[in-house]
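Here is how names work: the chains are called A, B, and so on, in the same order as the sequence lines, proteins then strands, and each is numbered from 1. Below, each value reflects all heavy atoms present in this structure, side chains not excepted, and no hydrogens, waters or symmetry copies.
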Protein chains: 2
Amino acid sequence: MTQPFLNDTPITTASDQVFVDMRREIVEGSIEQGSKISEPELAKRYGVSRATLREALNRLESCYLVERKANVGCRVVALTAERLIEVYQVRSSLEGLACRLAADNMEPEEVKGLKQLLNQHLQTQRVKEGESYYQEAGDLDFHYRIIKGSKNAHLIHLLCNELYQLIRMYRVQMGMVGPRVSKAFDEHLAIINAIENHDGELAEMLMKRHISASQANIQTKFDLLAK
Amino acid sequence: MTQPFLNDTPITTASDQVFVDMRREIVEGSIEQGSKISEPELAKRYGVSRATLREALNRLESCYLVERKANVGCRVVALTAERLIEVYQVRSSLEGLACRLAADNMEPEEVKGLKQLLNQHLQTQRVKEGESYYQEAGDLDFHYRIIKGSKNAHLIHLLCNELYQLIRMYRVQMGMVGPRVSKAFDEHLAIINAIENHDGELAEMLMKRHISASQANIQTKFDLLAK
DNA sequence: AACTTACCAATTGTCGACAATTTATATGTG
DNA sequence: CACATATAAATTGTCGACAATTGGTAAGTT
């Protein structure tokens with residue numbers, strides 16, 4: 001399976017490696033959300049100089065995982081309910097656009113691959129009940145392929161390289177509850193059909209709705225924490 | 001008048017200054033589009049070390065004005081017709097969203113200010129025929145205020161700090177032709193009315209259409225160059 | 001005890017130098 | 001002469017050290 005949203009760009013330089021490593025740690029939560037980042041400490045930990053670490057921090061800032069203040073320093077982004085809403089409003093709009101474009105621009109074999117992915121997804125889901133990892137990766141791959149199907153390089157970059165890391169962070173750290181899985185499957189199916197019929201308007205609407213449902217799901221976690 | 005999209009964040013550090021200076025030069029074209037950037041050369045020119053310059057280059061990359069390749073270097077973005085389409089598809093989607101949100105979230109006095117701006121715009125336009133600078137700034141300010149009126153911090157950052165510099169670059173270097181001015185005024189007026197009536201759906205649609213018209217206008221320039 | 005001020009430690013910003021990589025030039029071979 | 005190879009120059013990536021700024025601590029005043 002393609003590894004979605006884990007950046008297919010080759011890791012050539014040392015700061016690339018630090019960037020990828022830190023990104024993973026932040027998304028997965030082993031570097032805690034909202035925590036302050038000490039440049040000397042992390043530079044030592046990754047075995048690089050501060051210059052290299054700062055290069056990585058800049059890249060992390062570009063994908064919204066850390067926030068910087070001049071002469072003060074860096075903090076890991078905090079996962080708040082407010083930010084979730086803001087980010088998902090943007091995501092819904094952009095991925096709706098991607099889906100509409102995909103309905104026009106996806107190649108037949110790409111659509112075919114998408115269908116195969118969904119079948120595979122279905123089988124995996126049946127066999128491994130409760131095991132959420134594969135479902136997670138499968139869902140990401142689904143979105144990933146549609147975004148790429150838009151053939152809009154700017155949009156692809158914006159979603160895959162910049163925004164999706166933060167979305168993954170919410171999903172990984174807040175988690176997804178169970179009953180959503182089968183519903184998501186049906187929604188994915190409907191979206192594929194719309195794309196196959198080149199019905200961009202419908203595809204966009206279905207994708208937006210699908211993402212809204214996903215948002216509501218995560219929102220639940222915040223509501224539970226607040227009570 | 002508020003200076004839209006020229007970043008209200010205070011300039012504290014040296015790399016801030018270089019970033020702002022270079023940004024202006026790139027947007028205005030005095031650093032040519034598509035040209036290679038030599039770090040040693042520019043560092044000397046701005047009187048800073050390469051580390052400081054590279055910090056600025058990272059920020060410029062975040063707002064899509066330069067592109068980087070590992071071990072190769074930096075190039076100023078090239079203004080192509082394809083990219084224009086891609087960027088404006090994204091802009092239309094996001095600013096449509098902003099406009100819809102603004103219809104719900106703008107304070108009455110903000111709407112009032114928007115109307116005043118439009119009146120001011122009208123007068124300026126009558127007095128200074130052909131003088132496109134004020135019209136340009138006025139139009140940017142108009143969009144700027146609506147985006148801020150969305151009250152979505154992530155969206156505001158995305159549009160004002162990241163995307164709009166590239167859009168300004170197209171506008172400044174490709175230019176806007178004449179007859180569009182008065183039409184744009186009418187379109188602005190219709191958008192304000194929709195916002196005032198809290199008709200988000202209509203406001204979004206009008207904004208998208210307004211931006212499409214703007215795109216078509218710039219597209220004309222490319223078509224002229226191609227013949 | 002509360003508040004201000006001065007100092008100190010720690011952190012970030014910036015610099016110049018070195019190492020690694022790429023690009024251009026020159027040399028050699030079919 | 002075209003092409004591949006090797007060498008050299010230039011550029012980017014990385015490092016360690018110093019300067020500037022910030023946040024906290026302690027001393028001092030009312």
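For A:Thr13, the side-chain atoms get nearest to D:dG13 when compared with the rest of C:dT12, D:dG23, D:dG13. When the nucleotides D:dC15, C:dG13, C:dC15 are ranked by their closest atom to the side chain of B:Ala51, C:dC15 comes out on top. Checking C:dC15, D:dT22, D:dG13 against the side-chain heavy atoms of A:Asn71 singles out D:dT22 as nearest. Set against D:dT11, C:dT12, D:dG16, the side chain of B:Lys36 has D:dT11 as its closest nucleotide.
A residue-by-residue look at B:Pro40 and A:Gly47 shows that B:Pro40 has its nearest nucleotide of DNA chain D further toward the 5' end. Judged by closest nucleotide on DNA chain D, A:Arg50 is the one of A:Ala70 and A:Arg50 placed further toward the 5' end.
The side chain of B:Ser49 places no N or O atom within less than 4.0 Å of a non-bridging phosphate oxygen (OP1 or OP2) of C:dT14. Between A:Thr52 and D:dG13 there is no side-chain polar atom (N or O) within less than 4.0 angstrom of OP1 or OP2. Applying the 4.0 Å criterion to OP1 and OP2 of C:dG13, one finds that B:Ser15 has every side-chain N and O outside that range. Between A:Arg54 and C:dG13 there is a side-chain polar atom (N or O) within less than 4.0 angstrom of OP1 or OP2.
Summarising the geometry, atom CD belonging to B:Glu41 is positioned 10.5 Å from atom CG belonging to B:Leu53; distances are rounded to the nearest 0.5 Å.
In this entry the distance linking CD of A:Glu55 with C1' of D:dT12 reads 11 Å, nearest Å. At whole-Å resolution of the value, CD in B:Glu41 and P in D:dT12 are 10 Å apart. Atom-to-atom, CD of A:Glu39 to P of C:dT14 comes out at 12 Å; the value is rounded to the nearest Å. If you take NZ of A:Lys44 and P of D:dT14, they are 21 Å apart, rounded to a whole angstrom. Rounded to a whole Å, the CG atom of A:Asn58 is 12 Å from the P atom of C:dT14. One can place CG of B:Leu53 at 12 Å from P of D:dG13, the figure rounded to the nearest angstrom. Rounding to whole angstrom units, NZ of residue B:Lys69 and P of C:dT21 are separated by 18 Å. Note: CZ (B:Arg68) to C1' (D:dT11) measures 12 Å, nearest angstrom.
Note on B:Ala14: only backbone sugar-phosphate atoms sit closer than 4.0 angstrom, heavy atoms only; bases stay farther off. B:Ile37 comes within 4.0 angstrom of the backbone, heavy atoms only, and of no base. At a threshold of 4.0 angstrom between heavy atoms, the contacts of A:Thr12 with the nucleic acid are absent.
More than 12 non-hydrogen atoms from other residues, nucleotides or ligands lie less than 6.0 angstrom from CZ of B:Arg68. Atom NZ of B:Lys112 has 12 or fewer heavy atoms from other residues, nucleotides or ligands within 6.0 Å.
Using the six-membered ring where Trp is involved, B:His143 and B:His210 have ring planes that are parallel, under 30° apart on the 30 and 60° scheme.
Remark: the B:Asp223 side chain and the B:Gln219 side chain contain no N/O donor-acceptor pair separated by less than 3.5 Å.
When all heavy atoms of A:Arg145 and A:Met106 are compared, the pair lying nearest together is O-CE, 4.0 Å.
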